[in-house]
Amino acid sequence: MSEAISDRQVVAILRPFVRACAPMIDALREADPFGLQARARRGEGEFSDAGFKKKMLHALTTVKVPGTAGWAAMDIDQRASWWVNRVGRLTSLLTSIPGLGGALADRLPVQDTLGAASQGLVLCAIAGEYGVTDVGSRVRLIASVLFERDIDADLAAGASHDKSAQSAEDSETARLTEELDESHRKHGNVTAKAVATTLWHLGKSLWGITGELEKRPRGRWFHRALGMLPVVGAAGDYLGERSGLKKVWKRAHAWLMAHRQWA
């Protein structure tokens, strides 16, 4: 029988995970990720028809993505739902791709680790919309929603860290975010490849608590049954991950409301 995983072990894994999620989420939230605002500005002198130009500018700036006027007009729940539905589709698709881990997929819980990483990433994004930005609170949120653990606030905040533990956490965070940093240096932004690679690194970082990953919200039984079939298995896995994310959102909302004094 395997040794039980302690809260301290969960926190040691989740603190660098949460810190590594932050730059990717911030890049998506604060940048102009789809170039909409930039396109609108570039097009200001390209339209001979002033009425057409006005309509184009309005269409571009009211699309509901981070960095646009449409996004600013959304309430907290609408923004949280955006992360679940728009970003969740991408991460669910990446998670459902068969063979992503190559030969490792035969020996390690690749889908569980990537699925948990995707859910954790979306949870950090949702937390940010509610004003929950400190690492400790996000660690407690993920532990509660994904692993059904009530982590002590001081433990999650790293209050017991000595210099060695803090150094190890800093090093792991830097390792997890190296693709994002490299993308910024080369391209000035975060590329899709950097996001996918970082998600893979985030997933691998959770292998230390694989026993907990089985607790994460999943799809219904028929999603799992479909996922085991050839050809259509990826579709079943995708639908299962999307269903799991909806459960994650419900649990997260309940947790955030119960702890809204931190938001």
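What you see below is based on every heavy atom in this structure, not just the backbone, and it leaves out hydrogens, waters and symmetry mates.
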| note | Sequence neighbours excluded, the answer for side chain to side chain donor-acceptor pair (under 3.5 Å) partners of Ser6 is Gln9

| said: If you define the side chain from C-beta out and look only at heavy atoms, does anything of Val84 sit under 4.5 Å from Val122? | reply: yes

| message | So, taking the atom named CD in Glu129 and the one named CG in Asp75, what distance separates them when rounded to the nearest 0.5 Å? | response | 10.5 Å

| remark: For Ala156, the side-chain contact (heavy atoms from CB on, under 4.5 Å) test, sequence neighbours excluded, returns Val139, Arg140, Ile151

| Hey, is the main chain of Ala127 close enough, under 3.5 Å, to the side chain of Arg138 for a donor-acceptor pair? | no

| task | May I ask you to decide if Asp77's main-chain N or O and Ser81's side chain share a donor-acceptor pair within less than 3.5 Å? | result | no

| field | Pairing residues for Ala12 by the side-chain contact (heavy atoms from CB on, under 4.5 Å) criterion, not counting sequence neighbours | value | none

| query | Between Leu123 and Leu141, what is the shortest heavy-atom contact and its length? | reply | O-CD2, 3.7 Å

| Side chain to side chain, Val248 and Ile126, heavy atoms closer than 4.5 Å | no

| By side chain to side chain donor-acceptor pair (under 3.5 Å), which residues pair with His187, not counting sequence neighbours? | none

| Distance, nearest 0.5 Å, that separates CH2 of Trp200 from CG of Leu176 | 13.0 Å

| task | Kindly write out the residues that satisfy side-chain contact (heavy atoms from CB on, under 4.5 Å) with Ala168, not counting sequence neighbours, or none if the list is empty. | result | none

| Between atom NE2 of His201 and atom OG1 of Thr113, what is the distance when rounded to the nearest 0.5 Å? | 13.0 Å

| Nearest heavy-atom neighbours spanning Leu206 and Ala117 | CD1-N, 3.8 Å

| field | All salt bridge (Lys or Arg N to Asp or Glu O under 4.0 Å) counterparts of Asp154, not counting sequence neighbours | value | none

| message | Any salt bridge linking Lys215 with Glu148? Criterion: basic side-chain nitrogen under 4.0 Å from a carboxylate oxygen. | response | no

| query | So how far is it from Thr173 OG1 to Phe17 CZ, rounded to the nearest 0.5 Å? | reply | 11.5 Å

| remark: Closest heavy-atom pair, Ser137 versus Trp255, reported as atoms and distance to 0.1 Å, is O-CH2, 3.7 Å

| Could you go step by step and tell me if Cys124 and Val18 meet the side-chain contact (heavy atoms from CB on, under 4.5 Å) rule? | CA-CA 7 Å; Cys124 287; Val18 167; 4.2 Å; yes

| note | The reported gap from OG1 in Thr198 to NZ in Lys193 (rounded to nearest 0.5 angstrom) is 11.0 Å

| request: Hey, could you give me the NZ/CG distance between Lys204 and Leu202, rounded to the nearest 0.5 Å? | output: 11.0 Å

| Pairwise salt bridge (Lys or Arg N to Asp or Glu O under 4.0 Å) hits with a residue in residues 168-178, at least two apart | Arg15-Glu169, Arg19-Glu169, Arg19-Asp170, Glu172-Arg175

| In chain order, what residues pass the salt bridge (Lys or Arg N to Asp or Glu O under 4.0 Å) check against Lys186, with sequence neighbours excluded? | Glu182

| query | Got a donor-acceptor contact below 3.5 angstrom from the Ser183 side chain to the Glu179 backbone? | reply | no

| Taking only residues two or more places apart in sequence or in another chain, which ones pass side-chain contact (heavy atoms from CB on, under 4.5 Å) with Lys250? | none

| query | Just by distance, do the side chain of Ser167 and the backbone of Lys163 share a donor-acceptor pair under 3.5 Å? | reply | no

| Can you list every salt bridge (Lys or Arg N to Asp or Glu O under 4.0 Å) pair that touches residues 113-123, not counting sequence neighbours? | none

| request: Locate the shortest heavy-atom distance separating Val11 from Pro16; write the atom from each residue and the value. | output: O-CD, 4.5 Å

| field | Shortest non-hydrogen contact between Ile142 and Gly120, atoms and distance | value | CD1-O, 4.0 Å

| query | Taking only residues two or more places apart in sequence or in another chain, which ones pass side chain to side chain donor-acceptor pair (under 3.5 Å) with Arg149? | reply | Asp7, Glu212

| said: The test is side-chain contact (heavy atoms from CB on, under 4.5 Å); show your working for Phe147 and Leu14 and say whether it passes. | reply: CA-CA 11 Å; Phe147 310 142; Leu14 287 184; 4.1 Å; yes

| request: Measure the acute angle between the ring planes of Tyr130 and Trp249, then classify it against the limits of 30° and 60° as parallel, tilted or perpendicular. | output: tilted

| said: Suppose we screen for side chain to side chain donor-acceptor pair (under 3.5 Å). Which residues come up paired with Ser205, at least two apart in sequence or across chains? | reply: none

| Is there a side-chain contact between Pro23 and His184, using heavy atoms and a 4.5 Å cut-off? | no

